[in-house]
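Dropping a structure here in structure tokens format, bear with me for questions.
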Amino acid sequence: MDLRWTDEEKAFREEVRAFINTNLPTETRERMKMGKSPTKAQVVQWQQILNKRGWAAPEWPKEHGGPGWTTAQRYIFREELMLAPAPSPLGFNINMCGPVIIAFGNAEQKARFLPRMLNLDDWWCQGFSEPGAGSDLAGLKTRAVKEGDFWVVNGQKTWTTLAQHADWIFLLVRTDPNAKKQEGISFLLVDMKTPGITVRPIITIEGGHEVNEVFFDDVKVPAENLVGTENRGWDCAKYLLGNERFGQARVGASRERIARLKKIAAETYDGGKPLTQDIGFMTKVTEIEVELQALEMTVMRVIATAMKNPGSNKPDPTTSVLKIKGTEIQQGVSEMLMKAAGPYAWVDGDPDMEGGSDQVVAEDPDIAPDWAFGLAGVYFNWRKQSIYGGSNEIQRNIMAKAFLGL
Amino acid sequence: MDFDLSEDQRLLQDSISRLLGDKYGFENRKAYLKTAEGWSAEMWAAYAELGLLGLPFAEAEGGFGGGPEETMLVAEQMGRHITLEPWFTTVVLGGGFLRHGASAAQRAAVVPKLAEGKLKLAFAHTERQSRYDLFDVATTAKKDGAGWVLDGAKGMVIHGDSADMFVVTARTAGGQRDKSGIGVFLVDAKAAGVAVKGFATVDGQRAAQVTFSGVKLGADAVLGDADGGLPLVDRVVDEAIAALAAEAVGAMEAAHLMTLDYLKTRQQFGRTIGSFQALQHRSADMMVALEQARSMAFFGTMSAQDSDPVARRKNMAAVKVQIGRSARFVGQQTVQLHGGIAMTMEYAAGHYFKRLTANDGSFGDADHWVRVLAESGGLVAAA
Ligand SMILES: Cc1cc2nc3c(=O)[nH]c(=O)nc-3n(C[C@H](O)[C@H](O)[C@H](O)COP(=O)(O)OP(=O)(O)OC[C@H]3O[C@@H](n4cnc5c(N)ncnc54)[C@H](O)[C@@H]3O)c2cc1C
């Protein structure tokens with residue numbers, strides 16, 4: 001056992017950091033430093049910069065445009081992005097749909113979609129959840145019926161994140177209504193410009209437009225857009241959701257936010273002294289930091305296991321630990337940021353996500369310090385983290401059933 | 001001790017609960033939010049008619065003659081419907097200053113109009129540096145002949161954009177964090193030199209940034225002792241904390257019931273989600289939090305009447321802590337147990353969560369008050 005980073009890994013970290021410092025647009029970094037999500041244009045611009053360097057998809061195999069990194073390098077790279085902070089490669093493309101196409105898709109699909117995913121020429125979105133199929137995803141009802149060379153899709157998806165930006169959507173559809181729940185589902189790729197698709201915004205509680213309802217009314221999808229085997233789409237979904245969970249730890253992002261929180265706390269006075277000298281406040285922050293340190297080591301252990309068994313698709317029970325703890329920590333940090341802002345957290349600021357909100361006020365420095373705008377909004381918005389990606393209750397069910405034998 | 005309502009109290013509770021039941025459904029509230037004021041003038045008139053605006057004032061002065069228990073009952077109903085009107089700022093805060101700080105003449109000039117719904121008040125105290133310390137006051141009131149001149153800026157003045165008059169804390173003597181040398185002034189919102197910049201807050205309320213530049217005030221603008229206003233402020237805020245506690249209990253109860261209803265109707269995996277034991281236990285824990293809060297709201301209403309400011313402050317700190325902790329748990333779990341639907345503007349659950357979070361933040365959150373209470377030795381004396 002040697003728990004330290006190797007010299008090569010340390011050198012790699014330096015290389016990544018230097019690249020980010022030289023190439024990350026200042027505006028993007030400044031916006032993200034204020035705790036806001038990058039705009040669509042900023043995400044696209046940055047991913048194209050990474051792609052030029054060959055770093056757009058840390059986890060992809062070399063033959064499909066990945067950098068060929070070890071698991072440790074991938075982790076270091078992603079952590080450096082979060083610490084910068086810089087946008088992560090678009091998850092829908094790089095961590096969700098891309099890997100499914102690589103694992104289950106045919107040669108034509110790989111050639112057609114993967115390069116455009118890497119370069120973010122196409123923005124993808126995830127069409128899994130439906131009004132009646134949330135935690136019980138396999139209960140989905142959106143139908144696809146084969147008619148000649150087409151699948152005709154009818155139904156509704158919901159909670160579709162950033163569908164308003166999307167060029168393509170990957171769908172779970174029911175192709176055999178008579179089979180057992182999980183056995184009649186297929187994985188379908190759909191061009192958002194196809195006639196019959198309607199996107200309707202859902203405004204979230206902090207005022208942002210980040211999710212949507214997507215309606216399908218006799219949408220004709222070419223048969224060749226089905227990934228993998230007809231009625232075996234659940235395999236793709238399970239594979240994808242396992243990857244999604246792993247990505248929820250976001251240790252670097254929490255570390256960056258805690259650093260910012262401490263800077264704010266040092267400049268914010270409560271009871272005549274800075275919050276950094278308020279033992280109650282700092283105890284809470286420190287408890288989160290300790291959990292974060294433990295989580296980081298858990299991530300390392302998962303990575304080490306993965307490095308020993310490359311290519312293994314066996315579900316690792318610790319991914320549920322990562323999801324539960326990672327989201328609890330992020331939610332905890334967002335709460336402490338809101339509390340640090342005190343009364344000024346309450347100004348209805350620019351919401352977390354760009355897009356049409358109906359009640360955004362301009363950030364007027366007379367009203368509140370610039371760093372405080374929207375902090376309550378971020379706290380409200382981040383309650384989503386314990387709901388999506390398999391809710392934290394569902395994670396516990398998975399652990400109890402699949403690993404604890406209960 | 002008697003927790004049962006009197007006949008009059010039950011009547012009051014029934015009438016307001018009927019009014020809000022009829023006129024303050026979630027869809028009504030959405031419509032009120034969309035108006036320019038961000039609340040309903042029609043409801044304001046209805047409150048006046050029911051006596052809710054004159055509630056705490058003596059009948060002889062044009063009021064309804066209610067006591068702290070009546071305020072508690074009304075605040076709880078307001079919380080159930082997460083109402084948007086400036087009732088709390090006008091009647092509880094503004095009314096508190098009038099009852100405890102104003103002379104009979106000052107009250108006569110304001111209370112009748114207030115009770116009729118023709119005059120709204122807001123309490124301007126927060127400054128950029130002050131956070132939750134009510135005595136941290138940089139705004140100045142300088143003697144000017146018989147009157148005063150007011151200069152300074154107040155932030156996050158809740159309902160400051162609809163107020164006709166402000167109750168303003170200002171320094172008449174001493175340094176910025178001195179506990180003496182603070183005066184409380186009644187200032188006309190239309191007076192020359194008053195600038196009001198309104199905005200929305202995340203929980204759907206309104207607030208304003210209010211600046212005072214060389215505002216000339218008469219001798220009769222000061223409420224009580226011009227150099228010794230802090231005890232008045234503390235007393236009024238302690239009453240406000242009791243009302244906020246009751247409001248939070250109303251909101252928690254509504255959120256809890258709404259969640260319970262959802263658990264009994266939402267189907268996943270071919271059964272209602274309320275059949276999952278993990279959620280049953282969570283819902284039971286929400287009820288535990290609610291009942292602890294309800295008890296603490298009673299304690300708050302009882303304690304706010306204590307004439308010993310030191311004992312009273314400790315007890316009100318305890319109220320803030322329990323209410324804040326319960327509101328946080330109930331609010332967060334309301335969202336969690338609903339799943340995605342509670343994350344949307346179109347659905348009520350998230351609005352309760354936001355209001356409960358903001359309620360905790362009002363006049364200092366639970367973390368602030370647990371520190372204050374711990375530093376003062378807690379509630380139980382050492383053996
Ligand atoms: C902001 C946001 C963005 C999203 N983005 C996307 C997206 O891009 N694409 C997409 O497809 N989906 C997306 N989702 C949907 C997300 O995956 C679902 O919200 C999630 O699966 C939960 O489903 P639900 O909201 O219907 O809640 P429900 O499934 O109805 O759950 C309600 C409550 O019941 C609990 N529960 C359910 N079953 C059990 C059980 N068996 N045992 C114990 N507790 C249980 C849940 O944990 C939750 O607390 C997003 C959601 C949000 C909020």
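In the text below, chain A, chain B and the rest are named by the order of the sequence lines, each starting its count at 1.
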Exercise. Which answer fits A:Lys339, side chain, backbone, both or neither, if we ask what part of it has an atom under 4.5 Å from a heavy atom of chain B?
Worked result: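 Contact with chain B is through both the backbone and side chain of A:Lys339.
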
Exercise. Checking salt bridge (Lys or Arg N to Asp or Glu O under 4.0 Å) for the pair A:Arg396/A:Glu393: CA distance, chi angles, key distance, verdict?
Worked result: CA-CA 5 Å; A:Arg396 289 178 171 97; A:Glu393 287 79 19; 5.2 Å; no

Problem set entry | Engaged part of A:Leu275 at the chain B interface, taking heavy atoms whose separation is under 4.5 Å |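 A:Leu275 touches chain B through side-chain heavy atoms alone.
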
For this session: With a 4.5 angstrom heavy-atom cut-off, could you sort out which part of A:Ala341 is near chain B: side chain, backbone, both or neither?
Result: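 Backbone of A:Ala341 only, per the 4.5 Å heavy-atom cut-off to chain B.
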
Problem set entry | Interface moiety of B:Ala207 toward chain A, non-hydrogen atoms closer than 4.5 Å |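 When you check distances to chain A, no heavy atom of B:Ala207 falls under 4.5 Å.
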
For this session: Name the region of B:Thr357, side chain, backbone, both or neither, that has any atom closer than 4.5 Å to a heavy atom of chain A.
Result: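 For B:Thr357, heavy atoms of backbone and side chain both lie under 4.5 Å from chain A.
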
Exercise. When only pairs under 4.5 Å are counted, which of A:Gly139, A:Gly271, A:Ala138 shares the most heavy-atom pairs with chain B?
Worked result: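 Heavy-atom pair counts peak at A:Gly271.
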
For this session: Using non-hydrogen atoms and a 4.5 Å limit, figure out which bit of B:Gln176 sits close to chain A: side chain, backbone, both or neither.
Result: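 Neither; nothing under 4.5 Å.
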
Problem set entry | Which portion of A:Pro131 sits near chain B, non-hydrogen atoms under 4.5 angstrom |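 When you check distances to chain B, only backbone atoms of A:Pro131 fall under 4.5 Å.
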
Exercise. Chain B heavy atoms under 4.5 Å from A:Asp278: which part of the residue, side chain, backbone, both or neither?
Worked result: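 Interface part for A:Asp278: side chain.
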
Exercise. Are the aromatic rings of B:Phe123 and B:Phe88 close, with centres under 6.0 Å apart?
Worked result: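 No; B:Phe88 has its ring centre 6.0 Å or more from that of B:Phe123.
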
Problem set entry | Which of A:Asn392, A:Asp270, A:Thr158 touches chain B most, by non-hydrogen pairs under 4.5 Å |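 Among the listed options, the one with the most contacts to chain B is A:Asp270.
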
Problem set entry | Exam field: side chain A:Lys323 to backbone A:Gln395, donor-acceptor pair closer than 3.5 Å |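 Not a single qualifying donor-acceptor pair exists.
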
Exercise. Relative to the ring of B:Phe353, is the ring of A:Tyr379 parallel (under 30°), tilted (30 to 60°) or perpendicular (over 60°)?
Worked result: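 Tilted.
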
For this session: Please flag which part of B:Asp136 lies under 4.5 Å from any non-hydrogen atom of chain A: side chain, backbone, both or neither.
Result: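 Contact with chain A is absent: no heavy atom of B:Asp136 under 4.5 Å.
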
For this session: Identify which one of B:Asp133, B:Leu373, B:Val321 satisfies the side-chain contact (heavy atoms from CB on, under 4.5 Å) criterion when paired with B:His368.
Result: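 For B:His368, the side-chain contact (heavy atoms from CB on, under 4.5 Å) check succeeds only for B:Asp133.
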
Problem set entry | side chain to side chain donor-acceptor pair (under 3.5 Å) assessment of B:Ser326 paired with B:Gln322 | CA-CA 6 Å; B:Ser326 288; B:Gln322 179 62 56; 2.9 Å; yes

Exercise. So what's closer than 4.5 Å to chain A heavy atoms on B:Tyr132: side chain, backbone, both or neither?
Worked result: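 B:Tyr132 touches chain A through side-chain heavy atoms alone.
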
Exercise. Between A:Ser129 and chain B, which part of the residue has a heavy atom less than 4.5 Å away: side chain, backbone, both or neither?
Worked result: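 Neither part.
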
Exercise. Which atoms of A:Glu335 come close to chain B, meaning under 4.5 Å heavy atom to heavy atom: side chain ones, backbone ones, both, or neither?
Worked result: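 Contact with chain B: side chain only.
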
Problem set entry | Test: B:Asp360 and B:Arg328 ion pair at under 4.0 Å |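 No, this pair does not count.
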
Exercise. Between B:Leu279 and chain A, which part of the residue has a heavy atom less than 4.5 Å away: side chain, backbone, both or neither?
Worked result: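 Contact with chain A involves the side chain of B:Leu279 alone.
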
For this session: Identify whether NZ of Lys or CZ of Arg in B:Arg128 sits under 6.0 Å from the centre of the six-membered ring of A:Tyr344 and within 45° of that ring's axis.
Result: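 Judged by the rule (NZ or CZ under 6.0 Å from the ring centre, within 45° of its axis), B:Arg128 counts as positioned above A:Tyr344.
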
For this session: Step through the shown structure and confirm whether more than 12 heavy atoms of other residues, nucleotides or ligands are within 6.0 Å of NZ on A:Lys263.
Result: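 Count not over threshold, so no.
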
